[in-house]
Number of protein chains: 2
Amino acid sequence: MPRAALTREEVLDTAAELVKQHGPDALTMRKLAAELGSAVTSIYWHVGNRESLLDALVERTVQEMGAIRPTGRTPAARIVSLARGLRRELRARPHLIAMVHEHGLTERMFLPVRRTLVREVHAAGLRGSRAADAVRAVQFQIVGFVLVERNRERAPVQSPAEEELWTGATADEDPALARALARPADPERLFTLSVEALVTSLLA
Amino acid sequence: MPRAALTREEVLDTAAELVKQHGPDALTMRKLAAELGSAVTSIYWHVGNRESLLDALVERTVQEMGAIRPTGRTPAARIVSLARGLRRELRARPHLIAMVHEHGLTERMFLPVRRTLVREVHAAGLRGSRAADAVRAVQFQIVGFVLVERNRERAPVQSPAEEELWTGATADEDPALARALARPADPERLFTLSVEALVTSLLA
DNA sequence: ACCTGAACACCGTTCAAGT
DNA sequence: ACCTGAACACCGTTCAAGT
């Protein structure tokens with residue numbers, strides 16, 4: 001006996017839940033069907049195939065990442081606050097963001113951010129190609145940082161080489177540096193510091 | 001009749017070739033066996049299973065990315081040249097670098113670079129935690145940029161939203177900016193400009 | 001020590017058949 | 001219009017058997 005009619009939304013919701021909890025590899029058509037209580041083949045009616053199902057999930061994520069508003073009084077402060085807000089949102093959806101990245105849509109996801117950046121560098125008095133460079137540099141900086149940071153978190157235990165590195169000449173010469181690099185980085189602090197440094201140069 | 005003895009190196013070389021040409025998804029145990037002219041199961045004798053075969057390829061790539069030497073007279077110039085050399089090397093092995101990234105070993109691959117950066121920020125007169133911050137900020141900047149850049153290149157045709165963005169108020173107010181952002185970015189130029197801006201701030 | 005084919009448990013997808 | 005099970009061509013891996 002057929003089950004009550006499935007909807008495309010129901011399929012996408014359940015698929016998104018599987019991806020959020022266990023990553024995209026855990027999304028098999030058979031597991032999804034089991035979760036939905038339907039035959040595997042019913043899914044095909046609603047979403048085509050596995051690839052376009054993933055496409056749809058990615059598209060939904062891109063849409064969701066729209067509305068982050070900067071705060072602060074100076075353009076520099078507003079750019080930094082935008083960057084920090086963005087980083088927070090991205091980090092709340094790691095698997096889905098990774099999928100957006102793998103689908104090559106990171107840039108499109110950042111269109112609203114770019115629009116805001118244009119407004120702020122303009123307010124800071126930059127014009128023309130100088131303004132365009134600043135917008136692009138900040139955008140690359142933000143996206144790049146989050147990608148690297150995610151990678152660090154997924155990394156397995158660091159190899160011994162990490163500590164070895166600071167036992168040589170550097171440690172004798174500058175023990176404070178050696179200690180600082182031996183400690184794990186504080187990503188939030190490093191992120192803010194990096195964006196501030198870049199923005200200071202670019203808006204100068 | 002059994003074929004002449006396979007070696008682990010031969011398996012790794014052939015696997016690396018398949019990955020370089022068609023990406024990691026094209027590396028199936030059956031295709032690899034066909035390429036080697038052996039039975040599928042012979043591969044397991046030499047490399048364990050598919051996962052540890054991929055691990056071995058990643059490890060090889062990490063080792064290969066060791067020796068990039070900076071040039072230039074000032075620390076800032078040397079850091080920029082290091083960054084540019086690194087970017088070039090990374091871009092020569094896109095699939096393998098993506099695999100290193102996915103295995104969470106990007107950071108480990110960058111240990112030699114970090115060592116060089118320490119030397120240069122030191123030469124610039126930075127000490128202690130200030131030096132550590134500078135090293136980390138530059139490293140994140142370089143790695144992040146290359147990851148974002150790769151993503152851009154893989155991206156499918158941009159959605160119409162890209163052009164729409166610059167037809168509004170901004171275009172009227174600052175046509176030079178609108179034109180600059182409508183043109184495709186020059187990544188090499190943007191990269192150099194970004195690293196220079198960051199380094200200028202950090203070493204100031 | 002190393003190579004082999006058969007077999008197993010998975011996977012995405014297609015298809016003909018239901019209602 | 002939508003759901004279904006059977007079947008197909010793949011996949012990684014295990015195993016018992018060769019030499």
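Here is how names work: the chains are called A, B, and so on, in the same order as the sequence lines, proteins then strands, and each is numbered from 1. No experiment lies behind these values; they were computed from the predicted model shown.
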Distance check, rounded to the nearest 0.5 Å: [X] atom [atom1] versus [Y] atom [atom2]?
| X | Y | atom1 | atom2 | result |
| --- | --- | --- | --- | --- |
| Leu86(A) | Thr116(A) | CG | OG1 | 9.5 Å |
| His101(A) | Thr61(A) | NE2 | OG1 | 14.5 Å |
| Leu96(B) | Lys20(B) | CG | NZ | 6.0 Å |

At under 4.0 Å, does any side-chain N or O of Ser42(B) touch on OP1 or OP2 of dT4(C)? yes
Tell me: OH of Tyr44(A) to P of dA16(C), nearest whole Å? 17 Å
Consider the side chain of [X], meaning its heavy atoms from C-beta on, and name the nucleotide among [options] that approaches it most closely.
| X | options | value |
| --- | --- | --- |
| Thr41(B) | dT13(D), dG5(C), dC15(C) | dG5(C) |
| Trp45(A) | dT14(C), dA1(D), dT14(D) | dA1(D) |
| His46(B) | dT14(C), dT13(D), dC2(C) | dC2(C) |

Set of residues satisfying salt bridge (Lys or Arg N to Asp or Glu O under 4.0 Å) with respect to Glu102(A), sequence neighbours excluded: none
Once salt bridge (Lys or Arg N to Asp or Glu O under 4.0 Å) is applied, do any residues pair with Arg91(A), and if so which ones, sequence neighbours excluded? Glu149(A), Glu153(A)
Pairs flagged by salt bridge (charged side-chain N to carboxylate O under 4.0 Å, His left out) wherever residues 40-67 of chain A is involved - sequence neighbours left out: Glu9(A)-Arg60(A), Asp13(A)-Arg60(A), Glu59(A)-Arg108(A), Glu64(A)-Arg93(A)
Residues at least two apart in sequence or cross-chain that pass side chain to side chain donor-acceptor pair (under 3.5 Å) with Arg189(B), listed by chain then number, are Asp133(A)
Residues two or more places apart in sequence or in another chain: which of them pass side chain to side chain donor-acceptor pair (under 3.5 Å) with Ser52(A)? Asn49(A)
Quick one: which protein N/O atoms are closer than 3.5 Å to N/O atoms of nucleotides 8-11 of chain D? Pair and distance per line, please.
| unit_1 | atom_1 | unit_2 | atom_2 | d |
| --- | --- | --- | --- | --- |
| dC11(D) | N4 | Arg30(B) | NH2 | 3.4 |

Under a 4.0 Å heavy-atom cutoff, the residues of residues 32-39 of chain A touching DNA chain D are Ser38(A), Ala39(A)
For DNA chain D, determine which residues of residues 14-23 of chain A have any heavy atom closer than 4.0 angstrom to one of its atoms, and list them numerically. none
Sorted by chain and number, sequence neighbours left out, ring pair (Phe, Tyr, Trp, His ring centres under 6.0 Å) with Phe140(B) holds for Phe145(A)
Taking the side chain as every heavy atom from C-beta outward, state whether Val148(A) and Gln139(B) have any atom pair closer than 4.5 Å. no
Return yes if some donor-acceptor pair links the side-chain N/O of Ser81(A) with the main-chain N/O of Thr71(A) below 3.5 Å, else return no. yes
Bracket string, DNA chain C, 5' to 3' - pairs by Watson-Crick or G-U geometry under 3.5 Å, | interstrand: ||.|||||...|||||.||
Show me the donor-acceptor pairs, under 3.5 Å and distance only, between side chains in residues 28-48 of chain A and residues at least two apart or in other chains.
| unit_1 | atom_1 | unit_2 | atom_2 | d |
| --- | --- | --- | --- | --- |
| Thr28(A) | OG1 | Lys31(A) | N | 3.1 |
| His46(A) | NE2 | Leu6(A) | O | 3.4 |

Could you go through residues 191-202 of chain B and list every donor-acceptor pair under 3.5 Å that involves a side-chain atom there, pairing it with any protein atom two or more places apart or in another chain?
| unit_1 | atom_1 | unit_2 | atom_2 | d |
| --- | --- | --- | --- | --- |
| Thr192(B) | OG1 | Arg84(B) | NH1 | 2.6 |
| Thr192(B) | OG1 | Glu188(B) | O | 3.0 |
| Ser194(B) | OG | Leu190(B) | O | 2.8 |
| Thr200(B) | OG1 | Glu196(B) | O | 2.6 |
| Ser201(B) | OG | Ala197(A) | O | 2.6 |
| Ser201(B) | OG | Ser201(A) | OG | 3.1 |

